[in-house]
Amino acid sequence: MNPTTEITPPGGYYNQNGAAVLPQQVVAIAIGRNEGERLLRCLRSLLPQVDRVIYVDSGSTDGSALRAAELGAEVVQLDMAMPFTAARARNAGAARAPDAAFLQFVDGDCEVETGWIAHGLAALLAEPRLGVVAGRRRELHPEASIYNRICDVEWNTPIGPARAVGGDMLARGAAIREVGGFDPGLIAGEEPEMCLRLARAGWGIRRLDAPMTIHDAAMTRHAQWARRARRSGHAFAEVSWRHRAGPEGFWKRETRRPLFWGVALPLIILACALLTPWAWLLLLAYPLQIARMALRDPLPRDRWARAAYTLLAKFPEARGVIEFHLRRLVGRRSGLIEYK
């Protein structure tokens, strides 16, 4: 049953039990750098739904901080002399609202759907141990490229209990503070990592059947897609390494897959080819795997392209995995991997 109704009282909604759901209970935290018009769309979508919006700017040079303040957002300027991460920006925003009951986190390239915050808040109010909820994130321009369409499908994760969510989430302030917020040392994967710690602390995480945000990936070039996949590989490796002793095996499979398809299998083929030319037949494993994924994909549009790109992504993902471990071994900090 939908936890909100079509009744919209002044300043809020009603949940299924008839109790008022007030946007004043939520503090929104948006983060960004040089997002331009995307940021303005983000803030304009938030301001009518909450009583307070905090924008954390990470060294923008396009006037984002000034324009956000003009719209009515509170602006936090990060000290860019320190290494930047999205986790650090989210923590800085949360620190400005230390007693907030609920926090809506959103990336500056996203618009928040009308009614989402009331919907998510009703779910959190109904279950005291539910720590985080997220809804459906969709792409603004899926028609612009195959990469955007892949993202649009990627965001459409199953409804119900979840292990993790992305950068857009509505969270219970007490839960976030209990686990110490986001890990500022992670350059990617900070949201799933925090969700893992939330789950260990006994907090629930859930994906709701409701539209939440509209994301503007603006990904039109192959190089952007490859850098995004490389960043994913780095995140898989770093988070799985940090929690390697945990019973969940968190992201271990996601770390091993790119190493197999992107490194181990090519090396096996090359080594065997030194012994027999028949070894090149092992290359058929790649089209066979693409066919296997495509035929299992329930969405007919782009299923073959989506399967091909998913497998090809294992090569830049493997690079990200290797880069993390090499830097770890020599004691060097990884820098940001951005695709925009």
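For reference, positions follow the sequence shown, starting with 1. Worth knowing before you read on, the calculation uses all heavy atoms, side chains too, and leaves out hydrogens, waters and symmetry mates.
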Quick check on Arg333: does its CZ atom have over 12 non-hydrogen neighbours (other residues, nucleotides or ligands) under 6.0 Å away? yes
Residues, nucleotides or ligands: over 12 heavy atoms within 6.0 Å of Arg296 CZ: no
Within the 6.0 Å centroid threshold, strictly below: [X] and [Y]:
X: Trp225; Y: Tyr339; value: no
X: His243; Y: Trp251; value: no
X: Tyr147; Y: Tyr309; value: yes
X: Phe105; Y: Phe182; value: yes

For residues [X] and [Y], is any side-chain donor paired with an opposing acceptor at under 3.5 Å?
X: Trp155; Y: Glu139; value: yes
X: Glu143; Y: His141; value: yes
X: Asp57; Y: Ser64; value: no
X: Trp261; Y: Glu317; value: no
X: Arg33; Y: Ser60; value: no
X: His325; Y: Arg328; value: yes

To the nearest 0.5 Å, what is the distance between CZ on Arg292 and CG on Asp297? 12.5 Å
CZ-CD1 distance between Phe102 and Ile117, expressed to the nearest 0.5 angstrom: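 Spacing of CZ (Phe102) from CD1 (Ile117) equals 12.0 Å.
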Checking Arg163, Arg253, Arg200 against Glu248 for salt bridge (Lys or Arg N to Asp or Glu O under 4.0 Å), the one that qualifies is Arg200
From the list Arg228, Arg306, Arg138, salt bridge (Lys or Arg N to Asp or Glu O under 4.0 Å) partner of Glu154 resolves to Arg228
Check ion pair Arg136-Asp152 (N to O, under 4.0 angstrom): yes
Quick test of your reading of the model: are Arg67 and Glu37 salt-bridged, counting only N-O distances below 4.0 Å?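 Here Arg67 pairs with Glu37 in a salt bridge, since their nearest N and O are under 4.0 Å apart.
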As a quick check of understanding, evaluate salt bridge (Lys or Arg N to Asp or Glu O under 4.0 Å) for Asp216 and Arg41, giving each step before the final call. CA-CA 11 Å; Asp216 188 7; Arg41 292 198 300 266; 3.5 Å; yes
Test your reading of the model: is there a side-chain donor-acceptor pair from Arg88 to the backbone of Gly185, 3.5 Å cut-off?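 It does not hold such a pair.
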